[in-house]
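What follows is a single structure, written as structure tokens, with notes after it.
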Amino acid sequence: MHKYDHKEIEKKWKRKWSDEKVYAVDKDTKGKKGNYYILDMFPYPSGDGLHMGHTESYTASDILYRYKRMQGYNVLHPQGFDSFGLPAENYAIKTGTPPAESTEINMSNFFKQWKMLGLGHDFSNLIATSDPDYYKWTQSLFGKFFQNDFVYRKTDTVNWCDSCNTVIANEQVEDGRCERCKSEIIQKEIPAWFFRITDFADDLISGLDTVDWPEHTKKKQVNWIGKSDGAEIDFDVLDSDKKITVFTTRPDTLFGATYMVLAPEHELVQQLKDQVSNSDEVDGYISNTQKKSELDRLESKEKTGVLLEGISAINPASQAQIPVFIADYVLAGYGTGAIMAVPAHDERDFEFAQKFDLPIKPVVAQITGQKDEPDFFSTGVYGIIQNENEEYLIQDFTNRGFYWWPGGTKEGQELDEETLRREITEETGYTNFEVGDMVTEMFIDYPPLKGEGFARGRKHLKFYKIQINSEEKVPLELTEQEIDFGITLHWKSESEIRSNIPDHPSRKPVVLSVIDQFEKTIAQPELGIVVNSGEFDGLSSQDAKSVITEAVGGRMKSTYRLRDWSISRQRYWGCPIPIVYDPEGQAHFVGEENLPWLLPTDVDFVPTGESPLSKSKELHERTEKLFGTGWKPEVDTMDTFVDSSWYFLRYPDTNNGSEFCSTDRLKNWLPSGVDLYIGGAEHTYMHLLYARYFTKAMNKMGLINFDEPFKILRHQGMVNDKDGKKMSKSKGNVVNPNDMVERFGADSVRTYMMFAAPLEDDVIWNEDNIVGTYRFIEKVFGLQDKLTEKQNDDIEKTLHKLIKAVGEQIEELKYNTAVSDMMKFVNLVNKEGGMTKDQLLRFVKLLSPYAPHVSDEIAESLGERTSLVASDWPEYDESMLADDVITIGVQINGKRRGDIQVSPDATEDDVMNTARANKNINKWVSGGEIKKVIYVPAKILNIVVA
RNA sequence: GCCAGAGUGGCGGAAUUGGUAGACGCGCACGACUCAAAAUCGUGUUUCGAAAGAAGUGGGGGUUCGAUUCCCCCCUCUGGUACCA
């Protein structure tokens, strides 16, 4: 009798794998099926050790690694450490332990934990970004970026805490105060190095089309980059030679710009100071703004601002003189730092305008509706006219329940124009309107629901009402004092509308032009028609963008939400920026021959307000010795995201002392990027974007010949506690992988993690449930005592199906259902009393990627000489997959009333006869007349009985 | 607010080019074994109902012979995120 003892078995096999170097990769060969590169996001080696989330994602990649290798691929499956970073430095500040030391200890702890999980990574490839042999190449690449002008220096605005003497991250600022010491945060300008990532903004968007990533991850990246197409337009300042240049995505609304706003930091504010009569108030506002962090400015609910009294700008389209404000909702860093405000069509401008009582002028009327329902639509065509005050006025009459057209009807009653004029005047008090002066709006409606008739359509029109070019359906208030009149048409199709337009000299052209506009803009129903805009009235909003921009001498332009990447950090524990400054202050790369440009050790970690490296005597001496007296070193270190932006390029050639990776190795492992990358979705924005940027930049410099780093990307979910809550130290609900492996064994922990939920979903770690997988593994182990001489054909057939299913599910990373299928198989075998040696061996091969220790143990007892990872993945025979009998569900009127067994090649008649022969089924049929029979082969038979 | 994802038994989850809802596992109940318990094995386990049957995949409506799956409206949860002009 075999007794399952996970501790003994796992200990034995871990040693064996290590002694026999089972997971060593020969990086210079190709597998018989080719090479495959699987990569995990490498961890930051924190003092807390490996957490359950790591356990899940590394197991997931390990399974694919083992599967691919058994299939005949040569697989690179490396690991490493993102070992520079703030926690080690904070720990140093607290305890005095040098970061290099604490990091070393943490890494060896991680290393032990990896081994404990039975991961098949080739740990001889280990890299650590804080290792000089690694960061030498980070610096070398920085040098190449520098020499190719991919990197530049400018000032950066940061949150500064005077009391902590250090830069504070946005998220560490609470109400304008430092999270730690509660003192007030100030904005400080400091010099910094930037990567020109915005130069690649378009490539970073278009490149997403070429990779197999989750769609939502792609969408998020596109939104982060945030490309907007628009125009730059100059506004002259009255009585001045100055111009205010704005960027706008909506130049079509230029006529609606009723005021302007400058960022408080905008240089024009200072330049125009002499003309401003309320400069005290202005200065006060500016200094208030400087106290706010960007986060505060972005979060402030109530709009604030100050009018620049004495300053007016001229709207280049309408020639109107409009006021100029400063307000902190406009940021200096975005666009041009100045906006034209169009309160009728922008929510923020609208709020501001309401608060400061500024005019709101609608200039776009919108077309809304559903474009895929051509069979029936109704149109509401809205008229616009001028009232006594020469204001433009809009009205929708449809929601009042009658439709006006000469010869049209109201509640079945013929109406003439005179009657309608009288009704409108009674209703609104206005008299001087002209029918069809201008058409502004049009609706395509949804088809009415059954039985609802037109009522729903009307409801709908009311719902969308007039306005205003945002999804908000609010600004009905705008039209309250405005006169209105409207025309509504209801026909079945557009061609019918065209042929039914009454022959009215002034109106017919208007309606026709609306229909033309409608055709043009139906593809983009969010756009509308320009109104209130002089000669441009009637243009589609889309066309108007370029036409109006050109007419006022503006320039079409795109801007991005994405900003250049600031990589300077005033920290110790990071990669030194390999730059020195000559006595004139010019920056120079230290040169390849001086790499690695070592991180000095003679520093104090306690923040002094300067970068820790500035206190290093050794670094300054080194610089002067190499470059001459008066030369100074750069004392900032790099953002750790730089280290992790290229690490996947190092793994194929970790020991190369003369290149970051040899051309041959690049060719062998990275012909077109990493084959599969697995990691958490929290890295969607920063890490993944920076790594893509690095790849594209390096490609452009000719260093590599592919331009997307990760061909396939998959995420794993979070591992939460049994109540579905996030694990955290403060909640005290952190589950330690070591404990779990100790109690249940790595095989059970691995298998349970994969079984509990789909990989990309969050997993609930429930100790009560893991016993199920433990029992499963025990049962598998017990199969050694149930070997039979004679082969059971049912088992053999099921095994072939299982081989196919498990293989396919691994390829799709559907590990949870693969485990479930294996459980079913074992249940079957136990029921049947056992299986042959050969069958058991094939089965444990399927299991081995999940539970490698116990699988190897069983395989050994069956006579295998080597670890299963070095064996071949079993094959299935297509002819074994077919069933002799299939079960078909039978429905009567769509309700399941039973099932029948038929042969796979049964005809519809055979199936029908079998069904009728079934008493339980037939009793439902015999009562009525068979109206219809639907037979979906091998799936279902539905009999419709009346 | 916006963007993305999700909502199925007591619990984790399975099943979507529309075709037998609840696989597999946990838990629970009963039985076997045992002096007893644990472990193990067997049977059962969506709800209501004695049964026949009916209801049922967050709620409401629609399309269909047939909807967890497709469409419309609404609710809840999770993640991300912003005065981006």
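Throughout, protein chains are lettered first and strands after them, A, B, ... in sequence-line order, and every chain is numbered starting at 1. Only this structure's heavy atoms are used, side chains among them; waters, hydrogens and symmetry mates stay out.
Residues A:Ile777 and A:Phe781 are not in side-chain contact: their nearest non-hydrogen atoms beyond the backbone lie 4.5 Å or more apart. Side-chain contact between A:Phe825 and A:Ile795 is present, with heavy atoms from C-beta onward closer than 4.5 Å.
Backbone-only engagement by A:Asp768 is indicated by non-hydrogen atom pairs under 4.0 Å involving sugar-phosphate atoms exclusively. Heavy atoms of A:Thr887 sit under 4.0 angstrom from at least one base atom. A:Asn827 comes within 4.0 angstrom of sugar-phosphate atoms only, judged by non-hydrogen atoms across all strands, and of no base. In this structure, A:Val936 reaches the bases: a heavy-atom distance under 4.0 Å links it to at least one base atom across the strands shown.
Under the 90° criterion around 0 for the glycosidic angle, B:G61 counts as anti.
Of the residues near RNA chain B, A:Asp761 and A:Lys824, the one whose nearest nucleotide (by heavy atom distance) lies more toward the 5' end is A:Asp761. In terms of position along RNA chain B, the nucleotide closest to A:Asn223 lies nearer the 5' end than the nucleotide closest to the other residue of the pair A:Ser228 and A:Asn223.
Side-chain contact, A:Gln901 with A:Thr887: a donor N or O sits under 3.5 Å from an acceptor N or O. For the 3.5 Å distance criterion, the side chains of A:Tyr560 and A:Asp202 qualify, holding a donor opposite an acceptor. A donor and an acceptor atom, one from each side chain of A:Thr751 and A:Tyr774, are nowhere located under 3.5 Å apart. Side-chain contact of A:Lys786 with A:Asn830: a donor-acceptor pair under 3.5 Å is present, judged by distance alone. With hydrogens and angles left out, the side-chain atoms of A:Ser748 and A:His6 include no donor and acceptor closer than 3.5 Å.
Separation of the P atoms belonging to B:G44 and B:C24 is 11 Å when rounded to the nearest angstrom. The C1' atoms of B:G42 and B:C35 are separated by 23 Å, rounded to the nearest whole Å. Atom name P, nucleotides B:A6 and B:U69: the rounded distance is 13 Å, in whole Å. Nucleotides B:A67 and B:G12 place their C1' atoms 25 Å apart, quoted to the nearest Å. A distance of about 7 Å separates the C1' atoms of B:U76 and B:G58, rounded to the whole Å. Comparing B:G18 with B:G66, their C1' atoms sit 8 Å apart, to the nearest whole Å. With C1' as the reference atom, B:G13 and B:G59 are 23 Å apart, rounded to whole Å. Spacing of P atoms, B:C33 relative to B:G56, comes out at 44 Å, to the nearest Å.
Taking side-chain N and O atoms only, A:Asn816 has a distance below 4.0 Å to OP1 or OP2 of B:A14. Between B:U40 and A:Arg775, a contact under 4.0 Å exists linking OP1 or OP2 to a side-chain N or O. Contact between the side-chain N/O atoms of A:Arg896 and the OP1/OP2 oxygens of B:A21 is not found at any separation under 4.0 Å. Distances shown here put every side-chain N or O of A:Lys220 at or beyond 4.0 Å from the OP1 or OP2 atom of B:A4. For A:Thr817, no side-chain nitrogen or oxygen approaches OP1 or OP2 of B:A23 to under 4.0 Å.
The side chain of A:Asn769 sits closest to B:C26 out of B:A55, B:C26, B:G66. Set against B:U40, B:A54, B:G25, the side chain of A:Arg897 has B:A54 as its closest nucleotide. Ranking B:U20, B:A23, B:G25 by closeness to the A:Met823 side chain, first place goes to B:G25. Listed nucleotides B:U20, B:C65, B:G27 differ in distance to A:Val771; the shortest reach to its side chain belongs to B:G27. For A:Lys895, the listed nucleotide lying nearest its side chain is B:A55; candidates were B:G27, B:U81, B:A55. When distances run from any side-chain atom of A:Phe755 to the nucleotides B:G25, B:C3, B:G66, the shortest one goes to B:G25. Distances were taken from every side-chain heavy atom of A:Asn942 (C-beta onward) to each of B:G13, B:G66, B:A14; the shortest belongs to B:G66. Distances from the side chain of A:Lys219 to the nucleotides B:C41, B:A4, B:A23 place B:A4 closest. Here the nucleotide nearest the side chain of A:Ile940, chosen from B:A14, B:A85, B:G19, is B:G19. Of all nucleotides listed (B:G66, B:A85, B:A4), B:A85 comes nearest to the side chain of A:Phe247.
Between A:Glu808 and A:Lys814, none of the side-chain N atoms (NZ, or NE/NH1/NH2) sits under 4.0 Å from a carboxylate O, so this pair counts as no salt bridge. Checked for salt-bridge contact, A:Glu215 and A:Lys219 miss the test: no charged N lies under 4.0 Å from a carboxylate O. Here A:Arg775 does not pair with A:Glu778 in a salt bridge; the nearest charged N to carboxylate O distance is not below 4.0 Å. Between A:Lys3 and A:Asp785, no side-chain nitrogen of the basic residue sits less than 4.0 Å from a carboxylate oxygen of the acidic one, so the salt-bridge criterion is not met.
Distance, A:Asp762 CG to B:U78 C1': 8 Å, rounded to whole Å. Atom NE2 in A:His216 sits roughly 12 Å away from atom P in B:A4 (whole-Å rounding). Atom pair A:Glu760:CD and B:A4:P shows a separation of 17 Å (rounding to whole Å applied). Protein atom CE of A:Met718 is 16 Å distant from nucleotide atom P of B:C77, rounded to whole Å. Between the CD atom of A:Glu812 and the P atom of B:A14 there is a distance of 13 Å, rounded to whole Å. If you take CD of A:Gln809 and P of B:C24, they are 15 Å apart, rounded to a whole angstrom. One atom, CD of A:Glu908, and another, P of B:C65, lie 16 Å apart when rounded to the nearest Å. A straight line from CD1 of A:Ile943 to P of B:U64 spans 21 Å, rounded to a whole angstrom.
Results of the side chain to side chain donor-acceptor pair (under 3.5 Å) test with A:Arg250 over A:Asp252, A:Thr248, A:Thr253 single out A:Asp252 as the only residue that passes. If you run ring pair (Phe, Tyr, Trp, His ring centres under 6.0 Å) between A:Tyr259 and each of A:Phe356, A:Phe235, A:Phe352, only A:Phe352 comes through.
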Reading nucleotides 43-49 of chain B from the 5' end, what letters show protein touch, with B for base, S for backbone sugar-phosphate only, - for no heavy atom under 4.0 Å?
-> -------
Nucleotide pairing, RNA chain B (Watson-Crick or G-U, distances under 3.5 Å), in dot-bracket with [ ] and | = (((((((..(((......[....)))((((((.......))))))(((....)))..(((((..]....))))))))))))....
